[in-house]
Amino acid sequence: MSTRKGALAIYNTLSGKKELFRPIHEGQVGMYVCGPTVYNNVHLGNCRTFISFDLAYRYLLHLGYKVRYVRNITDVGHLENDADEGEDKISKKARAEKVEPMEIVQKYTLDFHGVMTAFNALPPNIEPTATGHIIEQIELINTIVKNGFAYESNGSVYFDVEKYNANQPYGELSGRKIEDLIANSRVLDGQTEKRAPLDFALWKNASDEHIMKWPSPWGLGFPGWHLECSAMSAKYLGEVFDIHGGGMDLKFPHHECEIAQGCAATGKKPVQYWMHANMLTLNGKKMSKSTGNSLLPADLFSGENVLLSKSFHPMVVRFFMMQAHYRNTLDFTSEALNAAEKGFEKLMLAIENLLVLVPSSNSSINTKVLVDGFYAAMDDDFNAPALVACLFDAVKQINAIVEGRATINKDDLLVLQKEISVFVFEVLGLRRPTEKNDDQRLSNVMALVLELRGSARENKDWITSDKIRDGLSNAGIIVSDGKDGASWK
RNA sequence: GGUCUCGUAGCCAAGUGGUUAGGCACCGGUCUGCAAAACCGUCUACAGCGGUUCGAAUCCGCUCGAGACCUCCA
């Protein structure tokens, strides 16, 4: 168990402040993150949120917490808009592709998992689906109705926002006042079932043509979008749990509704620490599927997109994201990604060197200051960019040792090797891209080729030497001439 | 229109009352047959205008600009 636990501060959206993190149960953390609605391929913006919370999860694990990390899959109930005829996103896609809704769900869940694996995001401990928890959702609605905060209307059930607000403020999380919300709420056509525009659906009745529907006390229907997170977080993490995360754009109304549902059901605020990840922007605007201003991870990995000059390894993209704080917007540009790639390679090279460093009898560098810097950065609301800056300080020191301008003793070396590996690979979740020279046959061939080129160079046969170098370059192999002979990658 | 956030060097991006954040690019150097790579060094910025303060990029006010939410969104 780490002894560093007490220092972690988390910015809590609910209070608007950084607060020292104190879990409800000593040594244990319950964390819920809103997952994707699987009606389409996840774009890079979606990924940023999940990677941000993967970082938080990883650091909590590193600190020694026993974490139960729940991230849902929304496979029903997410409507196109709030009007009565608003269509379910999954159903719509299923009809467009002429397949079963569950085929859509399966297809895009697999895509999501594949992308998360590529980004080296740890899987959550539980990944519940909305359709798998219809009973829990119906029970929750029953409780809310029984407590007087919801009403039935024409086979649907709505949350009574104004009644709720009479006792506890609705809009706390997003800093809204109900009067302003009422004044500004858009009246959509066909909202005939609701008593007030602000009321949101807990259960919607299903018309005959609806494919995804379940029996309930109010007839055939399906659950409202906001409900699933309340039902599933309560089931797996309890009525009150530690951390709830999600994208900034879910703050209102989704998370606001979750608070209302939780309070209406139990009288207790469901979440201790609300965390919100900021948006990834493209052309200065939020990445968004609906506006077409988005980029798919697959395009990035293949380089097949007009915005990109080349392809990028998933770890370069992850490193790029780690250079910005999760609460700030991050602007995506091909240029910024190129810069991240260079920096990432520099870091990886220094780590390779660190692992084979030869210790001296004494140290001219201060290992403790470096390592304390790593913790201080992450303790400050998971400040990954500050951690990266500290890591590059270490890189500079490692290079100095490699070149004999500094020394490190055996104990310090062991500490540095361990802590850098921990923070780079376990906490930031980076992986070294698979080495091309894993192939033993290729290694042997290259050893021979470089030996021949070495002979040519000794004989000042630059024509042969350069021909080999250029030929290999065309084959995607880069030869580097160092002091101790040539190497390749 | 309402609510809120942001504006940091060529680019990306931390910091948020007093000490060079960092990465990339540029430029200079070491190395090299040449080049690349690698390494070292240089480049010292906080939208504008006022105010508070011994001291402001950081706090306050105004102006300008950008974005988010208010409707599905990570």
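Side chains included, hydrogens not; waters and symmetry mates left out as well; all remaining heavy atoms used. Letters A, B, ... are given to chains in the order of the sequence lines, protein chains preceding strands, and every chain is numbered from 1.
Listed candidates were B/C70, B/A14, B/C24. Nearest to the side chain of A/F252 is B/C70. Side-chain atoms of A/A339 lie closest to B/G23 of the nucleotides B/C12, B/G23, B/C69. In the set B/A68, B/G22, B/A74, B/G22 carries the atom at the smallest distance from any side-chain atom of A/F392. The side chain of A/T333 lies closest to B/C11 when the candidates are B/C11, B/A74, B/C24. Of the candidates B/G33, B/C12, B/C70, B/C70 carries the atom nearest the A/R176 side chain, counting heavy atoms from C-beta on. With distances taken from any side-chain atom of A/H325 to the nucleotides B/C70, B/A68, B/A14, the minimum falls on B/A14.
Taking atom CD1 of A/I178 as the reference point, atom C1' of B/U3 lies 15 Å away to the nearest angstrom. With rounding to whole Å, A/M348 atom CE is found 14 Å from B/C39 atom P. When the P atom of B/C39 is taken as reference, atom CD of A/E352 falls 12 Å away, rounded to whole Å. Rounded to a whole Å, the CG atom of A/L349 is 6 Å from the P atom of B/C39. One atom, OH of A/Y108, and another, C1' of B/A74, lie 18 Å apart when rounded to the nearest Å. One can place CG of A/N40 at 13 Å from C1' of B/C72, the figure rounded to the nearest angstrom. Between the CZ atom of A/F312 and the P atom of B/C24 there is a distance of 15 Å, rounded to whole Å. Atom pair A/D379:CG and B/A14:P shows a separation of 19 Å (rounding to whole Å applied).
A donor-acceptor pair shorter than 3.5 Å cannot be found between the side chains of A/N125 and A/Y236. Judged by distance alone, the side chains of A/E256 and A/Y170 never bring a donor and an acceptor atom under 3.5 Å apart. Counting only N and O atoms by type, the side chains of A/S230 and A/E258 include no donor and acceptor under 3.5 Å apart. Counted by atom type alone, A/T74 and A/N72 present one or more donor-acceptor pairs between their side chains at under 3.5 Å.
Shown here, B/C62 forms a base pair with B/G48; the pair counts as Watson-Crick or G-U wobble because both key distances fall under 3.5 Å. Pairing for B/C11 is with B/G23, a Watson-Crick or G-U wobble pair whose two hydrogen-bonding atom distances lie under 3.5 Å. Pair assignment for B/G33 gives none, since no Watson-Crick or G-U wobble pairing has each distance under 3.5 Å. Across all strands shown, B/U3 forms a Watson-Crick or G-U wobble pair with B/A68, both key distances being under 3.5 Å. Pair assignment for B/C54 gives B/G18, based on Watson-Crick or G-U wobble hydrogen-bonding distances that are each under 3.5 Å.
The same atom, P, is picked in B/G55 and in B/G50; the two are 16 Å apart, to the nearest Å. Taking atom P on both nucleotides, B/C12 is separated from B/G18 by 26 Å, rounded to a whole Å. Remark: the separation of the C1' atoms in B/C6 and B/C39 is 38 Å, to the nearest Å. With P as the reference atom, B/A47 and B/C24 are 25 Å apart, rounded to whole Å.
Remark: side-chain polar atoms of A/Q417 are paired, donor with acceptor, to backbone N or O of A/L354 under 3.5 angstrom.
Within the nucleic acid shown, A/S473 has no heavy atom closer than 4.0 Å to any nucleic acid atom.
Evaluation of A/W462 against the base of B/G33 yields a stacking contact (centre distance < 5.5 Å, interplanar angle < 30°).
Projected onto RNA chain B by closest heavy-atom contact, A/P253 and A/C47 fall at different nucleotides, the more 5' of which corresponds to A/P253.
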In sequence, state the C-alpha distance, the side-chain angles, and the governing distance for A/D393 and A/K396, and then conclude on salt bridge (Lys or Arg N to Asp or Glu O under 4.0 Å).
-> CA-CA 5 Å; A/D393 285 345; A/K396 192 161 276 204; over 6 Å; no
